[in-house]
There are 2 protein chains.
Amino acid sequence: MENPFVRKMERHVRLAPEDRAILDGLARQHIRHVAGRQDIEGPHTEPYHTHLILDGWACRYKQFPDGRRAIVALLLPGDLCDPFAFRRGRMDHAIGALTPVTVARITPDQIGDAVRGRPAIEEGLCREMLATTAIHREWIASVGRRSAIERLAHLFCELHLRLTWAGLADGTTLPMPVTQPDLADALGQTSVHINRTLKELRSSGLVILRSRRLTIRDLDGLRERGLFDPAYLQPA
Amino acid sequence: MENPFVRKMERHVRLAPEDRAILDGLARQHIRHVAGRQDIEGPHTEPYHTHLILDGWACRYKQFPDGRRAIVALLLPGDLCDPFAFRRGRMDHAIGALTPVTVARITPDQIGDAVRGRPAIEEGLCREMLATTAIHREWIASVGRRSAIERLAHLFCELHLRLTWAGLADGTTLPMPVTQPDLADALGQTSVHINRTLKELRSSGLVILRSRRLTIRDLDGLRERGLFDPAYLQPA
DNA sequence: TTGGCAAACTAACACAGGTTGGCGCGCGTT
DNA sequence: AACGCGCGCCAACCTGTGTTAGTTTGCCAA
């Protein structure tokens with residue numbers, strides 16, 4: 001089983017064997033397990049470590065005083081949280097595990113060492129950050145202007161590609177270990193409506209979601225339904 | 001009148017006089033004027049230059065095939081668009097002028113030269129990018145979980161701080177040169193509803209918006225109404 | 001001054017999506 | 001086996017926001 005982080009980085013840049021070894025090393029030290037529904041990094045903390053997700057799904061979220069929760073990003077295996085978090089002081093949001101999660105803790109020094117004299121790694125990390133920002137922009141557009149079905153279809157398409165690139169999708173079938181309330185908080189809706197929308201996607205023959213696995217039955221159809229254009233995810 | 005870009009950078013890091021001169025130099029070369037409603041950088045182009053907004057307001061936006069437009073970021077004087085855009089290939093969105101705009105075109109080399117041997121500038125640019133990402137996250141939360149009034153109040157609070165830090169606000173009065181349809185596309189609503197919401201904010205005595213200027217009559221009240229916590233904008 | 005036009009503003013109506021409340025299943029615990 | 005409980009699922013109802021179709025205002029140009 002190959003490291004999903006390395007695998008993803010190789011989509012951005014060509015890595016020499018030593019590059020690969022260095023990145024792989026980051027994923028093998030300081031492993032930490034976090035139970036589902038627990039925070040990996042709480043709100044208002046002053047982060048020092050970066051986290052690399054090795055297994056399970058997590059999210060960035062903001063919680064309002066009255067309890068409303070907005071999930072602003074999904075973190076999948078191979079995703080790196082804030083390589084430069086330590087430069088910003090206090091967290092303005094939290095990072096929580098949606099499922100049981102395995103992460104590697106990485107120090108700023110380790111990032112610095114990995115980058116030094118390794119232009120491919122530097123370039124790869126830079127592109128990874130740009131890709132993350134592009135995803136953020138797409139989410140703003142989604143929540144702002146897509147309808148409920150479009151939003152859900154679009155998210156499924158995005159996750160399909162991201163998981164494929166991390167080596168975690170089985171063709172057109174992907175793990176989908178999150179609950180409907182989680183999807184609701186990610187898409188700015190209620191779980192009830194997510195349920196309705198899911199039913200509609202299912203009955204149009206586009207997807208099957210059962211026992212935490214999503215099967216896309218009609219990829220082109222789903223992409224059309226979600227106004228999905230993979231360009232924003234493509235590196236270069 | 002001081003350069004809003006330099007002014008903003010000084011919120012992130014302490015700049016030596018030479019740092020300041022270098023940054024100021026970037027803003028004085030290759031000036032370009034763009035009329036309102038024109039694209040500064042079209043969609044699907046392969047950008048080479050970075051743009052620094054010197055005057056006027058612009059936005060990043062995505063447009064769907066059926067015409068719907070989502071504004072995913074507002075660009076104010078002093079804002080730098082994509083210092084690393086050239087690393088990503090094709091644009092996944094467009095940058096458009098909302099008002100007549102003056103920009104400085106900056107090449108990748110110029111960025112490289114400015115950063116080389118100038119750790120304060122490097123650190124400042126890095127923090128500026130992190131702040132931009134934090135704004136993106138806050139927008140996702142806003143469009144996803146805030147009500148219409150909360151969203152508008154929150155946006156006004158954000159713009160108040162950003163413009164203040166760029167030296168463009170007069171205490172609690174700020175330029176607001178965008179139309180209601182523009183606000184609608186930025187907040188994921190219709191212009192009709194923006195109008196309704198504006199009326200409500202006005203009649204609760206929180207703001208006055210007249211002839212392209214916004215006056216905040218009750219800053220604390222507006223912040224409360226918008227669930228606004230300036231933490232996400234604060235550098236370190 | 002007048003005319004033209006974009007933008008602000010409004011009213012009436014429509015509907016997507018939120019709210020509430022309830023049922024049943026699967027699963028882990030005792 | 002029984003219990004608890006989170007989650008998926010559903011129906012009825014409600015409401016915030018969208019839609020449509022105007023009128024009014026303000027500003028620039030002739």
Measure [atom1]/[X] against [atom2]/[N] and give the value in whole Å, please.
| X | N | atom1 | atom2 | answer |
| --- | --- | --- | --- | --- |
| B/Arg210 | C/dC9 | CZ | P | 11 Å |
| B/His193 | C/dG17 | NE2 | C1' | 14 Å |
| A/Gln189 | D/dT17 | CD | P | 14 Å |
| B/Arg146 | D/dT17 | CZ | C1' | 18 Å |
| B/Leu183 | C/dA7 | CG | C1' | 12 Å |
| A/Asp185 | C/dG18 | CG | P | 11 Å |
| A/Glu150 | C/dA16 | CD | C1' | 12 Å |

Using a 6.0 Å cut-off, check whether atom CZ of B/Arg210 has over 12 heavy atoms from anything other than its own residue.
no

Residues, nucleotides or ligands: over 12 heavy atoms within 6.0 Å of A/Arg68 CZ:
yes

Give A/Ser191 one of three labels, base, sugar-phosphate or nothing, depending on what nucleic acid heavy atoms sit under 4.0 Å from its own.
nothing

Just to be sure I understand the rule, does A/Gly188 reach a base, reach only the sugar-phosphate, or reach nothing, if contact means heavy atoms closer than 4.0 Å?
sugar-phosphate

Polar atoms only, N or O, under 3.5 Å: list the protein pairs with nucleotides 5-12 of chain D and their distances.
from, atom 1, to, atom 2, distance (Å)
D/dG8, OP1, A/Arg212, NH2, 3.0
D/dG8, OP2, A/Gln180, N, 3.0
D/dC9, OP2, A/Gln180, NE2, 2.9
D/dA12, N6, A/Arg196, NH1, 3.4

State, without any angle test, whether B/Asp182 and B/Thr179 hold a side-chain donor-acceptor pair at a distance under 3.5 Å.
yes

Main chain of B/Glu41, side chain of B/Asp39: is a donor-acceptor contact present, judged purely on distance under 3.5 Å?
no

Using ring centroids (six-membered ring only for Trp), state whether A/Tyr232 and A/His154 fall under 6.0 Å.
yes

Salt-bridge present (B/Arg60, B/Asp82; N to O < 4.0 Å)
yes

